[in-house]
Amino acid sequence: MSVRPSSGDGFGAGGEAGGEAGGGRAGGPSRRRLLGWSIAGAAGLTALGAVDPALAAPAAGRRSGAVSRVRGARPAAPANAIALTIDDGPHPVWTPRILEVLRGNGVRATFFVIGVQAKAHPELVRRILAEGHTVGNHSLDHPTPFGAGSAATVAREISAAQAIITAAGGVAPRYFRSPGGDWSPTVLAAAAAQHLTPVGWSVDPRDWTRPGVASIVRTLTGARAGDILLCHDGGGDRSQTVEALRQVLPALRARGRGLAFTSL
């Protein structure tokens with residue numbers, strides 16, 4: 001996730017090809033680090049997932065080296081495949097609601113899970129997998145700028161999350177998404193050393209900013225075959241994301257669009 005600024009994903013700053021500025025496909029700024037994020041902090045979120053004001057402050061990031069198309073992650077995927085990815089959970093309120101929408105539309109997605117959240121809610125990791133979705137690694141506690149960390153720190157963030165997520169669900173993730181889509185050479189090397197495919201995105205509705213359901217729907221419905229879509233189930237109030245997906249998924253699957261959802 002060529003160097004281009006991009007979207008953050010609910011917790012921190014970074015840069016991935018995500019269309020942060022105004023959503024969609026163009027690059028843009030990302031969010032500032034959520035300081036002191038921990039299991040205790042996760043437990044302290046309100047039932048609606050209240051957002052720390054720091055999340056609203058953008059900062060520049062960078063992108064390079066991560067796959068942002070379906071066939072980059074799954075070479076054998078059909079040409080009309082499209083992938084929905086969900087970041088920053090699992091969250092006790094929003095993850096189940098998104099799972100209900102996915103189940104109702106027969107869509108399988110890929111959830112990029114934060115280690116501390118997986119440790120706090122292992123039952124949700126198991127539910128995600130049991131319902132046929134894929135779980136990816138999204139670092140231990142989402143520090144940003146992730147790419148600025150030392151090699152030891154980055155490796156520890158990835159390996160610790162990998163261990164927690166694997167223990168929670170019984171399945172080792174095969175994909176890694178850097179917090180904020182920040183793909184420095186150090187991050188890419190650490191992911192490769194742990195045999196993880198680095199995954200970015202190509203369509204970003206900036207749902208973490210809560211731009212309104214209509215805005216999220218407009219961006220997501222512009223998706224084309226091969227795109228990887230970015231949405232969130234953690235890091236804040238995701239009611240707009242839930243409602244947008246409720247509208248978008250049947251529209252994208254409608255007869256004549258020629259798109260088939262796949263997990264990675």
Side-chain angles (χ1 to χ4, degrees), residues 1-21 25-35 37 57-75 83 85 87-88 110-116 118 134-166 172-204 206 208 226-230 232 235 264:
M1 292 183 194
S2 103
V3 173
R4 259 194 287 182
S6 156
S7 134
D9 47 10
F11 292 90
E16 151 56 20
E20 181 79 28
R25 299 170 186 275
S30 184
R31 280 153 293 176
R32 186 175 297 169
R33 181 176 185 177
L34 176 58
L35 297 174
W37 180 256
R62 62 182 177 276
R63 168 196 180 267
S64 70
V67 301
S68 59
R69 305 287 293 172
V70 172
R71 283 187 167 177
R74 287 190 59 189
T85 62
D87 285 17
D88 294 352
T110 302
F111 288 76
F112 283 94
V113 171
I114 295 173
V116 294
T134 299
V135 170
N137 183 328
H138 199 33
S139 83
L140 176 63
D141 56 3
H142 207 289
T144 56
F146 194 72
S150 68
T153 296
V154 169
R156 184 167 56 250
E157 277 281 332
I158 298 174
S159 63
Q162 190 78 354
I164 291 171
I165 297 166
T166 301
R174 295 182 294 121
Y175 302 104
F176 174 72
R177 176 170 283 165
S178 182
D182 192 354
W183 298 104
S184 70
T186 297
V187 174
L188 290 168
Q194 298 188 47
H195 309 290
L196 296 169
T197 299
V199 176
W201 58 85
S202 55
V203 176
D204 176 13
R206 300 185 71 215
W208 62 271
D227 278 333
I228 297 177
L229 284 57
L230 172 66
H232 300 82
L264 298 178

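Not measured: the values here are computed from a predicted model.
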Checklist entry - Closest heavy-atom contact between P143 and P179? => result O-CB, 3.7 Å
Checklist outcome for this item: Interatomic distance, OG@S159 vs CD1@I164, rounded to 0.5 Å, equals 9.5 Å
Checklist entry - Is there side-chain contact between H138 and Y175, with heavy atoms separated by less than 4.5 Å? => result no
Checklist entry - Which pair of non-hydrogen atoms, one from T166 and one from A172, has the smallest distance, and what is that distance? => result OG1-CA, 3.3 Å
Checklist outcome for this item: When every non-hydrogen atom of G147 is compared with those of D182, the smallest separation belongs to N-OD2, 3.0 Å
Checklist entry - P173 and I165: which non-hydrogen atoms are nearest, and at how many Å? => result CG-CG2, 3.6 Å
Next on the checklist: Can a donor-acceptor pair be found, under 3.5 Å and without considering hydrogens, that links the side chain of T134 to the backbone of L264?
Outcome noted: yes
Next on the checklist: Do F176 and V187 have side chains that approach each other closer than 4.5 Å (heavy atoms only, starting at C-beta)?
Outcome noted: yes
Checklist entry - What do you reckon, is CZ of R71 surrounded by more than 12 foreign heavy atoms closer than 6.0 Å? => result yes
Checklist entry - Could you go step by step and tell me if I114 and L140 meet the side-chain contact (heavy atoms from CB on, under 4.5 Å) rule? => result CA-CA 6 Å; I114 295 173; L140 176 63; over 6 Å; no
Checklist entry - Going through the distances and angles, do R177 and T85 end up as a side-chain hydrogen bond (donor to acceptor under 3.5 Å, both in side chains)? => result CA-CA 10 Å; R177 176 170 283 165; T85 62; 2.9 Å; yes
Checklist entry - Roughly how far, to the nearest 0.5 Å, is CZ of R74 from CZ of R69? => result 15.0 Å
Item to check | Flag, side chain of D227 to backbone of L229, donor-acceptor distance under 3.5 Å | outcome: no
Next on the checklist: One pair to check against side-chain contact (heavy atoms from CB on, under 4.5 Å): N137 and I158. What are the steps and the verdict?
Outcome noted: CA-CA 7 Å; N137 183 328; I158 298 174; 3.8 Å; yes
Checklist outcome for this item: In this structure, CG of L230 is separated from CH2 of W201 (nearest 0.5 Å) by 5.0 Å
Item to check | side-chain contact (heavy atoms from CB on, under 4.5 Å) assessment of D87 paired with F111 | outcome: CA-CA 6 Å; D87 285 17; F111 288 76; over 6 Å; no
Checklist entry - Which heavy atom of G149 sits nearest a heavy atom of T186, and at what distance? => result O-CG2, 4.1 Å
Item to check | Closest approach of G72 to V67 (non-hydrogen atoms, all atoms of both residues) | outcome: O-CG1, 3.5 Å
Checklist entry - Does S139 offer a backbone N or O that forms a donor-acceptor pair with the side chain of E157 under 3.5 Å? => result no
Checklist entry - Taking the side chain from Q194 and the backbone from A155, do they hold a donor-acceptor pair closer than 3.5 Å? => result yes
Checklist entry - Hey, does V203 have a side-chain heavy atom less than 4.5 Å from the side chain of I228? => result no
